[in-house]
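Reminder, nothing fancy here: chain letters follow the sequence lines and each chain counts from 1. The structure displayed is predicted, hence computed values, not measured ones.
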Amino acid sequence: DAGVTQSPTHLIKTRGQHVTLRCSPISGHKSVSWYQQVLGQGPQFIFQYYEKEERGRGNFPDRFSARQFPNYSSELNVNALLLGDSALYLCASSNDREGYNEQFFGPGTRLTVL
Amino acid sequence: DQQVKQNSPSLSVQEGRISILNCDYTNSMFDYFLWYKKYPAEGPTFLISISSIKDKNEDGRFTVFLNKSAKHLSLHIVPSQPGDSAVYFCAASGQGGSEKLVFGKGTKLTVNP
């Protein structure tokens, strides 16, 4: 079974540009979450989507936006890139069935802003 | 404010011995706790979880203990193997894991042969 996939693997951008990161969840998973991990820290929650609706948003500026498509894949968009946006961006999916649910992570997209 | 804390940035143990990784949390609304393992250049890999209605969960060499009154959980790895060397993250969530995960900063475990 394929796990969570993310593209691209690596990305280099310059300040002021925008970027789009993509994620495909595990087959059958309807919930997708995005996290940002900077060096030396744990992942920080950015967004969660379920059935194409935003379920939660972390403490990130409006430059960050996301959406989920009918096939449950998702995009994370970041506008007006800053040097501080350099990080590993992680996507996670979960089954979101009633009860307890683990989130499974993809390999991440390493974004470098110069 | 850091709601999930892993106070030991690193831990070194000998192969075959027990590894104990600790995690504290402050938010009493958390009801689901997870441990993830992360190798460099990879995403976190789910290891084991525990709900707040339990105080212990075991999966092979991995056992997680939850002390709700102390708001403390720990991950025991027995016996430790060199392949266990990685960064371990503790994470917490409300609503049975259906909402966002709040992560600690991680503990780097090194298992020496």
Side-chain angles (χ1 to χ4, degrees), chain A residues 2-7 9-10 21 23-26 29-51 53-60 66 87-110 112, chain B residues 1-10 21-25 27 29-54 57 59 62 64 66 86-108:
Chain A
V4 177
T5 59
Q6 293 186 243
S7 63
T9 307
H10 296 89
L21 311 180
C23 169
S24 292
I26 293 171
H29 285 192
K30 299 180 179 180
S31 175
V32 169
S33 298
W34 288 94
Y35 293 81
Q36 180 197 64
Q37 186 183 14
V38 299
L39 201 60
Q41 302 290 321
Q44 296 283 315
F45 173 75
I46 309 175
F47 286 109
Q48 185 182 43
Y49 277 77
Y50 176 71
E51 288 280 14
E53 297 289 328
E54 182 183 300
R55 172 183 273 175
R57 172 187 285 255
N59 188 22
F60 280 81
L88 180 67
Y89 288 84
L90 295 161
C91 174
S93 75
S94 66
N95 205 341
D96 207 55
R97 62 190 180 280
E98 189 173 337
Y100 298 99
N101 302 278
E102 297 81 23
Q103 294 188 29
F104 296 91
F105 285 83
T109 294
R110 171 70 61 184
T112 301
Chain B
D1 63 334
Q2 209 178 344
Q3 298 185 68
V4 177
K5 298 178 184 178
Q6 293 177 258
N7 292 320
S8 298
S10 63
L21 297 101
N22 293 303
C23 178
D24 298 294
Y25 63 96
N27 190 338
M29 297 302 292
F30 290 145
D31 69 348
Y32 195 55
F33 304 90
L34 309 91
W35 285 93
Y36 286 85
K37 178 171 73 173
K38 189 178 184 301
Y39 295 116
E42 293 184 11
T45 301
F46 170 73
L47 209 52
I48 192 169
S49 61
I50 188 167
S51 71
S52 59
I53 62 173
K54 295 185 176 181
N57 189 26
D59 184 1
F62 302 92
V64 56
L66 175 63
V87 177
Y88 287 78
F89 290 99
C90 170
S93 176
Q95 296 182 4
S98 294
E99 62 175 41
K100 68 177 184 180
L101 295 176
V102 180
F103 283 85
K105 290 187 176 182
T107 296
K108 183 177 182 180

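- Heavy-atom minimum distance, B:L101 versus A:F45: O-CB, 4.2 Å.
- In terms of the salt bridge (charged side-chain N to carboxylate O under 4.0 Å, His left out) criterion, B:E42 has no residue partners (sequence neighbours excluded).
- Heavy-atom distances place the side chain of A:Q37, and not its backbone, under 4.5 Å from chain B.
- For the atom pair A:R57 CZ and B:K100 NZ, the distance stands at 12.5 Å (nearest 0.5 Å).
- Proximity to chain A (any heavy atom under 4.5 Å) is restricted, for B:K38, to the side chain, taken from C-beta onward.
- With a 4.5 angstrom heavy-atom cutoff, A:L88 touches chain B only via side-chain atoms.
- With a 4.5 angstrom heavy-atom cutoff, A:Y35 touches chain B only via side-chain atoms.
- Nearest heavy-atom pair across B:F46 and A:Q103 is CB-O, 4.5 Å.
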Verdict with reasoning, A:Q41 to B:F103, per side-chain contact (heavy atoms from CB on, under 4.5 Å): CA-CA 9 Å; A:Q41 302 290 321; B:F103 283 85; over 6 Å; no
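- A:K30 pairs by the salt bridge (charged side-chain N to carboxylate O under 4.0 Å, His left out) definition with A:E51, not counting sequence neighbours.
- Most heavy-atom pairs under 4.5 Å with chain A, from the set B:P44, B:G104, B:A91: that is B:P44.
- Atom CD of A:Q44 is surrounded by 12 or fewer heavy atoms from other residues, nucleotides or ligands within 6.0 Å.
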